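A short worksheet on the structure shown next.
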Amino acid sequence: MRAAVINFPGSNCVLDMYYALKDFRLDAEIVDANQENLDGFSAIFLPGGFSYGDYLRTGAIARFAPAMKGVAKAAKDGRLVVGICNGFQILTEAGLLPGALRENAKPGFICDEITLNVANPDSIFSSAYDKLQITLPIAHGAGNYYADAQTLASLKAHQQIIFTYEDNPNGSLDDIAGIVNQAGNVFGMMPHPERAVDSLLGNTDGRAFFQSILQRKDLLTHAD
Amino acid sequence: MYLAKIYVTYKKSILDPQGEVVKSALHRLSYTNVEAVTCGKYFEIKLDTTDKAAAAKEVEAFSDELLININMESFTYDLSELAEAVD
Amino acid sequence: MYLAKIYVTYKKSILDPQGEVVKSALHRLSYTNVEAVTCGKYFEIKLDTTDKAAAAKEVEAFSDELLININMESFTYDLSELAEAVD
Amino acid sequence: MLTKVNPEPKTAVQIQTEKIYADWGLTEREYEIIKTRLGRLPNYTETGLFSAMWSEHASYKKSQPLLRSFWSKNERVLQGPGENAGILDIGDGQAVVFKAESHNHPSQVEPYQGAATGVGGILRDIFAMGAQPIAVLDSLRFPEVTDDKTRSLIDGVIAGIAGYGNSIGIPTVGGDVYFDDSYRGNLLCNVMAVGLMNHSIIKVGQARGAGNSVIYVGAKTGRDGINGASFASAEFSSEKAAQRSAVQVGDPFMEKLVMDATIKAVKDLPDIVLGIQDMGAAGILSSSSEMGEKGHSGIELNLDRVPVRETGMIPYELMLSESQERMLLVAAKGQEQRVIDLYKDFGLDAVVIGKVTDDGRYRLTFQGETVADVDINLLTKAPSSELPSQLPAHIAEAEQTQFQPVVKDPAEMFLKMLASPTIASKKAFYRHFDSMVRSDTVLRPGSDAAVLRIRGTKKALAMTTDVNSRYVYLDPYEGSRMAMAEAARNIVASGAIPIGITDCLNFGNPDDPEIYYELKESIAGLNQMAKKLNTPVISGNVSLYNETDHQAIYPTPMVGMVGLIEDNRQITSVPFKRAGDLIYLIGQ
Ligand SMILES: Nc1ncnc2c1ncn2[C@@H]1O[C@H](COP(=O)(O)OP(=O)(O)O)[C@@H](O)[C@H]1O
């Protein structure tokens, strides 16, 4: 079975994600956002970037791309759907994850490495972490997570908050950096694990994120 | 032809960080009368229709669907008839 | 207390990339009546003054000075009196 | 229905009697040359063409005689100055492409868009060669921060670089920032871009082969930035704010599509796409005429075909518009559709607007009539002039007893220096730049030089921008050598061998003999070091008239240097690694 990296017009972390998946010997493929049918993929990755220029609102226009029909179906079928950065923004706009991402509390794009807490080490996306504090890159201008009180209570009640910021860089509600849906198969986060898989670049804390996914052989099968 | 003017702002309960930044900038420029600032978005959209009710319905539909995020934003709008463009 | 509603758009000759992208998104969603889209900014600013003329002068001054870039944007505004806030 | 537009708001005679050519920046002598060479009066459109092409910005008529002296050949150089960007061989069939551009005047007027479109412009130069851009660096000069206005100017420039670079997805990996009051009213925003390519796909901005098609791709043309080229070639006056021409707005989303499509076109259609040129200053005009001139060809354009976003544009406006995110391609006759289809897949316009000819003419038609017909060599080669030069008074009169700092309390002085904005960390700026996108950045901002790995190889590239203009002001020759030396130190300290440079020569008005002296000596200094370090000058940019109310900036020859690391295990970073390690001081 295969993994898809969806390429929306304006996505710019497509190759980063593709190479990271390849690094873990996944049978990854870059799929154009015009492709509606994603039935052949057991995991779908929505990469970072500025889909449709992030005009209007981040993710607002991408949510209507044909591929999002396939993504919604995959989510419903219980296949894995992962949104990183802009991908997370798209998943919230599409209603596949609760809440919304606003402009950073202090307006402006931030690129940095930040400390994250693994708030729920038991999820499909965090189970391989053997430490509860990690460092990952962030690079975003609209990572300020918002949800109303009821949604937040529900996120907490169902252990849907997977990663939180140690020093909140963007004003996110309850320091939220990454969440899953109630079913546990759709995940989104602002930090970039795919930028932290190669020791040459100085940080490998993203590896356990991918290893977590790979541990779920029931959901995903290796290329070889 | 109708012209829709659409005004989008965050819902009341949501903090508007940009508004705060603009407010303090105005204060620094000595506009100390300024009590509150809300920053939003403004759209002017021309609709090729002669039916005002239909135009209104359309504006409401696409604003909800695309222009705003209903989790955190709300909108108001005005509709006015435009003289047919003569090209 | 006065409420100023300020509408900022690009001047006519200036490219509005957002407007173009929103227009084609609306077309893709089958709102094919949409002829033109302009994206701008919208401000609601409360001014603590009882003098409408003074409020107008102030709005014009700070809009030019801070809210817009006179090289490429222009603005219009409405002023309305607000019932004094009772806190 | 096509509404006819009068292409000539003024007749050729009116242009002469009302001296409209002078308003557009042509001198009496230049106008006379045009008249004589044409054997008639130039019409409205033609006068516009010459005014743009003969501006310093487009023609380098004042700096060219000096620039020709640059050393730009060694075993690595695949492409020297004169193209969209220069190219150096880095082995294994790969090449590095780089160039720097200034966007000083636009950034002073509209900091966000000025800086943003600066990034957009330099990236187009890189992918016009067929290369994949991999990094951006920015070299900024601001006045000292004493007021909110300066602060918002700075914030605007930083946000503009971030806004464009982050969105298009090319990492901004380095740069430098100085604060000095010589830049009050005339900030500097220089941007350098670096790209990577295979030798086999190098494209040049040339139009060859009569009958081949000239194809316009990218954004539609509007009335933005008309006269930008002559605008960039005039001094600022604080009173003339209203005269400044309309600013361009950048659309990084559009450019990302144009970039991805163009790189694909070069790879997939190597025998069909014959030449590519970015539309920069003086838009369609300079790109098409330069491609024709370099290919020893003529060009014929049908302006009715140019995609427009505004109605009623006249030829003058169409030709001089500086709308962003546009490129010009030359494609093999009969194969145009393949190119058009490829761009269409990216949702982009690609339109045949003319053809290459063999008669050496630059000919434009509009609404069925010929609106310009001039010798292409005349148009593209402004009469150049050697200017007088004179040792600046501030150097001639400098006291022999050089300035000696009085340091009473070294500890206090040390802290003061660390707190000076020019020396302090620039993290507050560069944290707005995505320095990691594409996941190749090994050393990010905060290092001596930025280092990017080349995926699939053991190699890496180091890059830096440097110049301390105070030194150049005090001694243009030595100061420029020091800029080169500083750049080389930064490259070497990252584990790389310097292999080449680009530059951005930011100076005042060259008609002032003292400024011309600075320019001349600075070029000589850069050149001397370039030979010494074996770093040929493969591209560059000149920005003159950096003055406000006749006060020139410090001469600022920004050096952008690139180095090669053969084995990425040799990359060296700044931080101390372990307690107990020894610290050496090297040098004098
Ligand atoms: N405008 C900028 N954009 C990106 N990086 C910058 C900028 N200014 C400075 N930097 C980075 O900050 C670090 C220190 O810069 P600088 O003080 O100029 O270094 P040095 O003088 O030690 O060469 C470098 O890594 C440089 O690339």
Side-chain angles (χ1 to χ4, degrees), chain C residues 4-49 54-77, chain D residues 105-114 116-117 120 148-149 151-153 155-156 159-160 163-164 167-168 218-226 231 241-257 307-313 317 321-326 347-349:
Chain C
K5 295 184 172 182
I6 306 167
Y7 319 108
V8 178
T9 53
Y10 279 138
K11 285 179 187 166
K12 231 180 141 217
S13 285
I14 303 246
L15 172 74
D16 172 15
Q18 284 208 68
E20 290 301 311
V21 170
V22 171
K23 183 171 120 184
S24 51
L26 286 170
H27 285 178
R28 277 201 306 276
L29 293 172
S30 307
Y31 296 102
T32 46
N33 278 340
V34 171
E35 277 268 317
V37 177
T38 308
C39 289
K41 293 179 205 148
Y42 172 55
F43 298 90
E44 285 180 1
I45 299 192
K46 284 192 195 147
L47 289 167
D48 186 11
T49 171
K57 230 172 123 177
E58 203 158 321
V59 168
E60 291 177 20
F62 68 60
S63 295
D64 259 347
E65 192 173 346
L66 183 76
L67 300 188
I68 75 159
N69 178 324
I70 50 168
N71 290 305
M72 43 185 216
E73 293 171 327
S74 59
F75 72 98
T76 56
Y77 68 98
Chain D
H105 282 55
S107 303
Q108 179 71 38
V109 177
E110 196 340 73
Y112 184 98
Q113 295 297 345
T117 53
D148 273 352
K149 222 170 154 179
R151 216 163 275 134
S152 71
L153 208 64
D155 288 348
Y164 209 102
S167 175
I168 194 167
K220 291 183 168 49
T221 298
R223 289 189 175 90
D224 15 16
I226 288 175
F231 164 65
Q243 271 191 23
R244 291 166 187 165
S245 60
V247 186
Q248 305 107 278
V249 170
D251 182 356
F253 172 54
M254 168 67 84
E255 178 140 317
K256 171 141 175 53
L257 301 178
V308 290
R309 67 158 211 273
E310 299 185 77
T311 51
M313 290 182 73
E317 295 172 319
S321 160
E322 295 190 358
S323 291
Q324 299 288 300
E325 290 89 29
R326 303 178 300 163
L348 296 170
D349 273 336

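We name chains A, B, ... by the order of the sequence lines, and we start the count at 1 in each one. Values in this document were obtained by computation on a predicted structure and should not be read as measured data.
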Looking at every non-hydrogen atom in both residues, tell me the closest pair between [X] and [Y] and how far apart they are.
| X | Y | result |
| --- | --- | --- |
| G120(D) | Y164(D) | CA-CE2, 3.3 Å |
| D251(D) | E325(D) | N-OE2, 2.9 Å |
| R326(D) | T221(D) | NH1-OG1, 2.7 Å |

query = Using a distance-only test with no angle check, is there a side-chain donor-acceptor pair under 3.5 angstrom linking Y112(D) and E110(D)?
reply = no

key: Whether Q113(D) side chain and G160(D) backbone form a donor-acceptor pair below 3.5 Å   = no

inquiry  = I need the K41(C) NZ to I68(C) CD1 distance, nearest 0.5 Å.
reply    = 9.5 Å

message = Please classify the contact between Q324(D) and chain C as side chain, backbone, both or neither, with a heavy-atom cut-off of under 4.5 Å.
response = neither

Under 4.5 Å from any heavy atom of chain D - which part of K11(C) = neither

Partners meeting salt bridge (charged side-chain N to carboxylate O under 4.0 Å, His left out) with E65(C) (sequence neighbours left out) = none

query = Which of residues 15-33 of chain C get closer than 4.5 angstrom to chain D, counting heavy atoms alone?
reply = L15(C), P17(C), V21(C)

